[in-house]
Amino acid sequence: MAPKLDSSLFERIGDGIFVLDRLWTYVYVNAAGARLVGRSVDELVGRVVWEVFPEAVGSAFERNFRYAADNQELVEFEDYFPPLDRWYAIRVFPSADGLTIVLRDSSARHVADRALEALLAQSRREQRLAAVLAETNEAVFRATSPQELFDAAVRIAVDHGGFVMSWIGILDPGTGDIAHVASAGEGADEYLAVARVTSRDGPYGRGVAGLALRSGAPMCSNDILEDDNMAPWRGPAARVGYRSSGAFPLIVGGDVAGLMSVYAAEPRYFDTEEISLVRRLAANVSYGWESLLREAALRDSEVARRTEQRFREVLSAAPTAILGVGGHRCVEFANGEAGRLFARPSARLVGERVDALLHPIADGPGIEGLITELETDPRPITETTQLCGRRGDDSAFPAEVAVSRVGGEAQGGLVLVSVHDLSERLELEAARRLRALEAERERADRLDSLGKLAGGVAHDFNNLLGIILNYTTLLERHLDDAQVRSDLNKIRVAAQRGAELTRQLLTFARRDPATPKPIDVNESVRSVAAMLDRGLGPGVELVLQLAAEPLVAVIDRQQLDQVILNLVLNARDAMPGGGRVLVSTAPASAAAGRAAGPPHGETVEIRVSDTGFGMTPEVAARAFEPFFTTKPRGQGTGLGLAAVYGIVERSGGRATIDSTPAIGTTVTVELPRCDTDAQPGPPAPPLSTPVSGREECVLLVEDDEDLREATKRILRGAGFRVLDADDGIAALEVFAANREVISVVLSDVIMPRMRGDELARVLGTRAPELRVVLMTGHDSGEVPLSEPVLRKPVDEERLVRALREVLDA
Ligand code: ADP
Ligand code: MG
């Protein structure tokens, strides 16, 4: 059965159905239709559409209805009808009689659609936001430098944030200017080449960037072309197609440090959502920038910490004790060596006053003085100074200290005090000095015992030689045979050489009779040189270099001559191929603290230098020993330097050898300088013609019987009468018995019972006018002799002359 088609069917469906005739008059409207357009059926049927809904005229509704009617085509459309605030989905069926319109209210669906759309838009935004934030987070995480971070951020703003262009600038806090450091997007280079920005107020500071910099808050311009504040950038923005612009401050450590700018091609781009998106982007960049800066600072401080650590390690490992002393003269740090030196943990040195650790020596400078000195001195370090260090147990040590400034500035700052323990060095030095002293004493002792031995032998020898000589003289007178006389003369010459040897030996033993007087050594050198005027031999030159002033020493004149002569002759012997002997004299001051030699004071120095073959150290060490010689038998006696030694030592001086094999030798003789203005004694009187006795009576006193006998005969032969005695006591008896006849006494010095000098003293009280001549081969050195002394062995000529002088005076 076919369904019944009548209008009751339409009444039951929900869609609105309107049937219009060709004159736009409603001919039928179902109930749903009337309800959907908010009218009753009666209000519609029989009336013209455009009259009921005049608002529809000119709308999409009219256009679509007419189109369907005109073209007899089905039209479907959906539109909003504002008077009823409804959306309608409409199908228009044309026919020859008019139109049938089926209408459905689609408002509910539309609300849902719009909500969905909004939702989608929101989610797209959120996705963008999420993408931007994720990217910036990653960029912050990845960036190893602010530049990398900035480059990534502007790229993210363009690629993920949907901006045409973005740039970042850094604020120069000094000038207030902004320097572009990163940019991305279209037209960036062109725009930024001309777009100047500053944070200062003024035309270039009033755009969004300037405002954002000054306020610290984001600023946007939603239409650059209309915004008067953006006037300076309008031209460039128009050229590259930017309409909206936003500026977001970058904050580091609470201060505006830079700026992130973004541009959109559309006007009114920045709504609250957009602003919050970029704000978060900028916040991320700020955070990343700040942490990079913090990391860098941390790295720097780590480097500094490690450098300091290293410095401390070097300092504490330094082999020198070092104290760092601060402005209050207190130790601020001390290294390990300092702890060891001051015998306490180095940490316990910290805080100590430096002057409690280092004391001045005697009235020398203290550590305080040294530090103060450095503060006014341009030098970075003081001279080393000796101070007294105090250990933890209060013991002291000799310290060598230098103060240096740290970092070029000492004023109130830190100074370094470096301390060396001198104990070891001083001990070594003392030990060395002691050894040298001992060696010198040993040498002196050896020479001294040699001297005693030699002196004893020589004394006895001298008397023997005296006898030989006297008897040769006596014998000679009674001999006519020329041959025998010549033989006898040979004996005499040999005896004279023997006498010379014993004399030198006695000189070395310091038992040689001597008469010290103030003598100008220059004078002595000149006379010796004159004596050598025939020269020293082929090719040997003698050069004198004498001090201009007189150099007076108290010494026996003959002996001084002998010293110089011996040294010059040795020099000559050392130069068989020729060379130069230099004799120089000079005043000098004896060095203090010397092992031996003259006491501290002025000395006279005589140097004899040669260019000869020199001495090995072994030879030099023994050269002063008597009988030590390197010369062939018969040429050297080994007594030359021994005599020099004896004479110089006796005068309170000292002789030293400085010699280098193949280079030459210098012997230096130092004598105490006589600083009184005592005049040098007159030169020795010239020898005169032979003299003889005139029957005067001589009392001869001599304990050696043979010598006494020989001497007696010599004196008688020379024209004297002779009485004799064998010692002082006997002599006094002889004198008492023959007082009237005795004109002069000739006496030996060393004798048993009473010595010659004592005899002279006693006779001096009994017969003050009686003259006594002493003779000796051996000066004990105990008693200075006031009488003229003859040196044994005495030959006839000297003996007679001495007696003659005394008798004629
Ligand atoms: P002599 O000259 O009789 O050998 P000395 O006592 O004068 O005795 O000297 C001892 C030794 O010292 C010499 O044999 C010689 O070896 C050495 N001597 C002394 N003077 C010099 C000198 N000027 N140059 C080199 N050697 C010297
Ligand atoms: Mg000699």
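Note: hydrogens, waters and symmetry copies are ignored here, and every other heavy atom, side chains too, is used. Computed from a prediction, not measured in an experiment: that's the story for all the values here. Each ligand, and each atom within it, is numbered from 1 in the order the structure gives.
Residue contact check: Thr637 has heavy atoms under 4.0 Å from atoms 3 (O) of ligand 1. Taking every non-hydrogen atom of Ala574 and a distance limit under 4.0 Å, the qualifying atoms of ligand 1 come out as 22 (C), 24 (N), 25 (C). Close approach of ligand 1 to Ala571 (heavy-atom distance below 4.0 Å) involves ligand atoms 23 (N). For ligand 1, the atoms lying closer than 4.0 Å to a non-hydrogen atom of Ala623 are 6 (O), 10 (C), 12 (O). Ligand-side atoms of ligand 1 in range of Gly636: 3 (O), range being under 4.0 angstrom from any heavy atom.
For the pair Asn570 and ligand 1, the shortest N or O to N or O distance falls below 3.5 Å.
Not a single heavy atom of Asn566 sits less than 4.0 Å from an atom of ligand 1. Not a single heavy atom of Asp573 sits under 4.0 Å from any atom of ligand 1.
Taking only non-hydrogen atoms, the option from Thr630, Thr616, Val619, Leu567 nearest to atom 15 (C) of ligand 1 is Thr630. When Met575, Gln504, Arg572, Met615 are ranked by how near their heavy atoms come to atom 21 (C) of ligand 1, first place goes to Met615. Atom 5 (P) of ligand 1 has its nearest heavy-atom neighbour, among Asp610, Leu641, Thr629, in Leu641.
With no hydrogens or angles considered, no side-chain donor-acceptor pair links Arg497 and Thr502 at under 3.5 Å. Asn522 and Thr585 are linked by a side-chain donor-acceptor pair at a separation below 3.5 angstrom, with hydrogens and angles left out of the test.
Within the structure, every pair that satisfies the salt bridge (charged side-chain N to carboxylate O under 4.0 Å, His left out) test and touches residues 615-630, not counting sequence neighbours, is listed here: Arg446-Glu625, Arg622-Glu625.
Thr666 places none of its side-chain heavy atoms less than 4.5 Å from the side chain of Ser659.
Results of the side chain to side chain donor-acceptor pair (under 3.5 Å) test with Lys792 over Asp704, Asp748, Thr776 single out Asp748 as the only residue that passes. Of the listed residues (Val528, Val648, Ile647, Val521), just one forms a side-chain contact (heavy atoms from CB on, under 4.5 Å) with Leu560, and that residue is Val521.
Taking the salt bridge (charged side-chain N to carboxylate O under 4.0 Å, His left out) definition, one finds that Asp726 meets it with nothing, sequence neighbours left out.
Residue Glu424 places its CD atom among 12 or fewer non-hydrogen atoms of other residues, nucleotides or ligands, all under 6.0 Å distant.
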